[in-house]
Structure formats: C-alpha cells, structure tokens
Amino acid sequence: MSWTDWICRATIIMFITEDHWFYPACPNNKKVYLFWCWLLLVCLFKADLLEDMHFRKRPKEYVNNLNLQAGSIKSLLTTLAAYKPSPWQLAHATFYGDETASETMGGACGYGNLFLNGYGTDTVALSSTLFNNGYSCGACFQIKCYQSPWCFKNVQFTTVTATNLCPPNWSQDSNAGGWCNPPRAHFDMSKPAFMKIAQWKAGIVPVMYRRVPCMRSGGLRFSFQGNGYWLLVYVMNVGGAGDIQDMYVKGTRSGWIKMSHNWGASYQAFATLKGQALSFRVTSYTTKQTIIAWNVAPSNWNVGLTYKSNTNFH
C-alpha cells in the first residue's frame, strides 16, 4: 500500500471518531483543521482507495476495522504527546518547616491542604526564576543531592511537585542566605522531602534536577471559588507536564469563554454561569497539548467544592 493510502486511511479514521479527537489539540489553528477537511474530501474521492477498502460492499466490516485502527493510532499519538524528562541541571536545595510539613500547606499555587488534594509531603517551593509567575505550579521535578558530604549515598533522587513560591530576600546576598534571589534556580523543599536526599543538618546542598512527567491517578480536579458572576477555579492533579497555560470554560447555555490567569494554578472568568453544567478546555504550558473535560460540574454546582473529571494529560 502506498504512503498516500496510509494518509487517507488515517484521515478517514480521524473523522469517524465521535469527538474529532485531533481538533482540541489545535483549537486556535483553524487552518490546520481546514486542511484536514480538505484532505478528507480528497481521500473520499480517491476511487481506488474506496475500492481497495471494499467500503461499498462491506460497510459494517469496514467501519469496524477502522475503529480498531483508530484505537491503535490514538494510543500511538498519546504516547508521542506524553511529556518527556528534561536534561539534568545544577542548582541548590534547602528546606522549610519541620517534619510534619505543616508549613507547606496552602502555598502560592493555591492547592490548599496538600494531604487532602493528593500532593502529600513531597513538595517544593521554587525560586521566582523557576516559578515563572505561577505557570510552573504543578510541575514535577526529580532532585538528587550532588557532590556533598551530606548526601545520602544510597539514594538516587526524590520526586517533588511545585506547590509554592520561595520569594527573593534582597536583604541577603544571593550566595549567603538569599538563595531564592533571581536569577538563581533554587528549590526550597519540604523537610520530609529534603531528608530523603540529604541530612537535614546540612541546611543547603548542591543538587542536580530535571523536569519529569507527573504521574497522577485519575483526572483533573477543579476547585471552585467565587460566586455566580465570578468563577475562580484552581486546577489540581494535573498529569503530564503538570502545568497549565490557558483555560476556557463552557456552560450548557454559553460558548467557550476564555479564563484569565489569576495567580498560581487559578484561573477566573467574569461571567454568569450559575445554573449551567460546566466543561473546561485546558492547555498545558510546556507541551501545548489541549484536552477537554466535558460536564465536570453539574448545573447545581457550588463554590467551595472540588469537581473531578475523567481526563488528564500524559
């Protein structure tokens, strides 16, 4: 079979799936979508392809076969879109709080109780250089102690999630207390997380770090604040790159409404959405992958509650 036939098969498979699964990946690029529509028409008029597939003779068998192929291609593209680890880089790490990690609760990302929301004690506050105005909230890092007598020799690394900001301390030199001053890349870890890689008496240790995929169980979680005219949403349990760049909300009686970045992992919409079931379209900051979480909250949703979806990044 020629390469053009394979392209046509893939194109038709895309269009027979129920949700046009490829389109949410490029919601702001209509030219790409129109190109696929044009390619579909070309393929449908390719007589030898239709004859080869026996579509006219055995349409049910043909569609069943395409559905199997669609599943295989979806699986392949999901693997290709999965976030890959970044190269190792040098930085330093300190810790804050005590062994209970109680001081890490809340934080600049807005995740609230880190135990209840699935983050536990394996968390870190990032220097402003890494924090990126909150767009790094939810990102996952592997951190290993590097060339220090305080390092635990039998520990390769520990994995932490960014949940807080380590602010600059301009009253101290960047190399003597002002560890989180720009442009330093610095990790202020919870004490339990720090104690996995080094002795806590060290205070500060050189480390190697890299971004890694966030392995989350279940789908995205949306925590609601605000009122019927102003919706503030904290996005949690984000897989893949762990971060969020853009977010849209859609009610059952509205179109897609772009939400603005408030701070940390929160996005807001000034709109009257009360009494409508809500769906969200979310784009990753790092990978630019977009997914849609349909009908996350019922029409009787309320602020102060967290709603779970069944979709996530990889």
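The chain is numbered in sequence order, starting from 1.
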### Message
We want to know whether Thr283 and Thr290 form a side-chain donor-acceptor pair, criterion being a heavy-atom distance below 3.5 angstrom.
### Response
yes
### Test item: Phe313 and Ile244 side chains (from C-beta on) under 4.5 Å apart, heavy atoms
yes
#### Entry: Joint hydrophobic cluster, Tyr96 plus Phe194, side-chain heavy atoms closer than 4.5 Å
no
### Message
Using 0.5 Å steps for rounding, measure from the SG atom of Cys145 to the NZ atom of Lys153.
### Response
7.5 Å
### Query
Is any side-chain heavy atom of Lys250 less than 4.5 Å from a side-chain heavy atom of Ile292?
no
#### Entry: Distance-minimising heavy-atom pair for Trp170 and Pro182
CH2-CD, 3.3 Å
### Task
Side-chain contact test, heavy atoms from C-beta onward, threshold under 4.5 Å: evaluate it for Lys191 versus Glu103 and give yes or no.
no
#### Entry: Non-hydrogen atoms of Arg211 and Ala241 that approach each other most closely
NH2-O, 3.0 Å
### Query
Between Cys140 and Arg216, is any pair of side-chain heavy atoms under 4.5 Å apart?
yes
### Side chain Ser174, main chain Trp179, donor-acceptor under 3.5 Å
no
### Side-chain (Asp243) to main-chain (Cys137) donor-acceptor, under 3.5 angstrom
no
### Query
Can you list every pair that meets disulfide bond (SG atoms under 2.5 Å apart) and has a residue in residues 236-314, with sequence neighbours left out?
none
### Message
Nearest 0.5 angstrom please: Thr121 OG1 to Met195 CE, how far?
### Response
10.5 Å
### Sidechain-backbone polar pair: Ser254 side chain, Gly251 backbone, donor-acceptor under 3.5 Å
yes
### In one Ile/Leu/Val/Met/Phe/Trp/Tyr side-chain cluster, 4.5 Å: Ile204, Phe152
no
### Task
Answer yes if Phe270 and Val303 sit in the same cluster of Ile, Leu, Val, Met, Phe, Trp and Tyr residues linked by side chain heavy atoms under 4.5 Å apart, and no otherwise.
no
#### Entry: Arg253 side chain to Gln276 backbone, donor-acceptor under 3.5 Å
no
### Query
Val238 versus Val282: any side-chain heavy-atom pair under 4.5 Å?
no
#### Entry: Cluster link Tyr234 to Tyr248, ILVMFWY, side chain under 4.5 Å
no
### Query
Do side-chain atoms of Asn181 reach the backbone of Asn169 as a donor and acceptor pair under 3.5 angstrom?
yes
### Task
Evaluate the criterion side-chain contact (heavy atoms from CB on, under 4.5 Å) for residue pair Met208 and Phe157; output intermediate values, then yes/no.
CA-CA 9 Å; Met208 296 283 287; Phe157 56 79; over 6 Å; no
### Message
Tell me if a side-chain donor or acceptor on Asn237 pairs with a main-chain N or O of Ser217 at a distance below 3.5 Å.
### Response
yes
### Heavy-atom pair with the smallest gap, counting every atom of Phe187 and Val124
CB-CG2, 3.7 Å
### Task
Give the minimum heavy-atom separation between Phe115 and Met105, together with the two atoms involved.
CE1-CE, 3.4 Å
### Query
To the nearest 0.5 Å, what is the distance between OG1 (Thr123) and CE (Met189)?
8.5 Å
### Task
Measure from the side-chain N and O atoms of Asp188 to the backbone N and O of Cys166, and report whether any donor-acceptor pair falls under 3.5 Å.
no
### Query
For Gln142 and Trp88, what are the C-alpha separation, side-chain angles and deciding distance, and is it a side-chain contact (heavy atoms from CB on, under 4.5 Å)?
CA-CA 9 Å; Gln142 284 180 348; Trp88 289 98; 3.9 Å; yes
### Message
Check the orientation of Trp301 and Phe224. Use parallel for under 30°, tilted for 30 to 60°, and perpendicular for over 60°.
### Response
perpendicular
## Note on the structure
Value for CE (Met236) from CG (Leu114), rounded to nearest 0.5 Å, stands at 10.0 Å
### Query
Quick one: CG on Asn132 to OG on Ser127, what's the gap to the nearest 0.5 Å?
11.0 Å
### Message
Restricting to non-hydrogen atoms, name the atom on Asn302 and the atom on Lys274 that form the minimum distance, rounded to 0.1 Å.
### Response
OD1-NZ, 3.4 Å
#### Entry: Backbone of Ile197 reached by a side-chain donor or acceptor of Thr158 within 3.5 Å
no
### Query
Are Tyr111 and Tyr285 joined in one hydrophobic group, where the rule is that I, L, V, M, F, W and Y side chains link up if heavy atoms are under 4.5 Å apart?
no
### Query
Residues two or more places apart in sequence or in another chain: which of them pass side chain to side chain donor-acceptor pair (under 3.5 Å) with Lys144?
none
### Task
Walk me through it: do Leu90 and Gln147 pass the test side-chain contact (heavy atoms from CB on, under 4.5 Å)?
CA-CA 11 Å; Leu90 282 168; Gln147 293 184 348; over 6 Å; no
### Side-chain (His92) to main-chain (His186) donor-acceptor, under 3.5 angstrom
no
### Task
Kindly state each residue pair satisfying side-chain hydrogen bond (donor to acceptor under 3.5 Å, both in side chains) with at least one member in residues 261-271, sequence neighbours excluded.
Tyr135-His261, Trp230-Gln268, Ser260-Gln268, Asn262-Gln268
### Close side-chain approach of Pro167 to Phe131, heavy-atom, < 4.5 Å
no
#### Entry: Over 12 non-hydrogen atoms of neighbours within 6.0 angstrom of NZ in Lys308
no
### Message
Quick check: closest heavy atoms across Ser136 and Leu126, and the distance to 0.1 Å?
### Response
CB-CD1, 3.9 Å
### Message
Show, in sequence, the C-alpha distance, side-chain angles and deciding distance for Leu130 and Tyr209, and conclude whether the side-chain contact (heavy atoms from CB on, under 4.5 Å) test is met.
### Response
CA-CA 12 Å; Leu130 294 173; Tyr209 76 94; 4.0 Å; yes
### Rounded distance [0.5 Å steps], OG1 in Thr252 versus CG in Leu278
7.5 Å
### Phe280 and Val233, any side-chain heavy atoms less than 4.5 Å apart
yes
### Query
Quick one: does Ser309's side chain have a donor or acceptor within less than 3.5 Å of a partner on Leu220's backbone?
yes
### Message
When you compare the side chain of Val249 with that of Phe222, does any pair of heavy atoms fall below 4.5 Å?
### Response
no
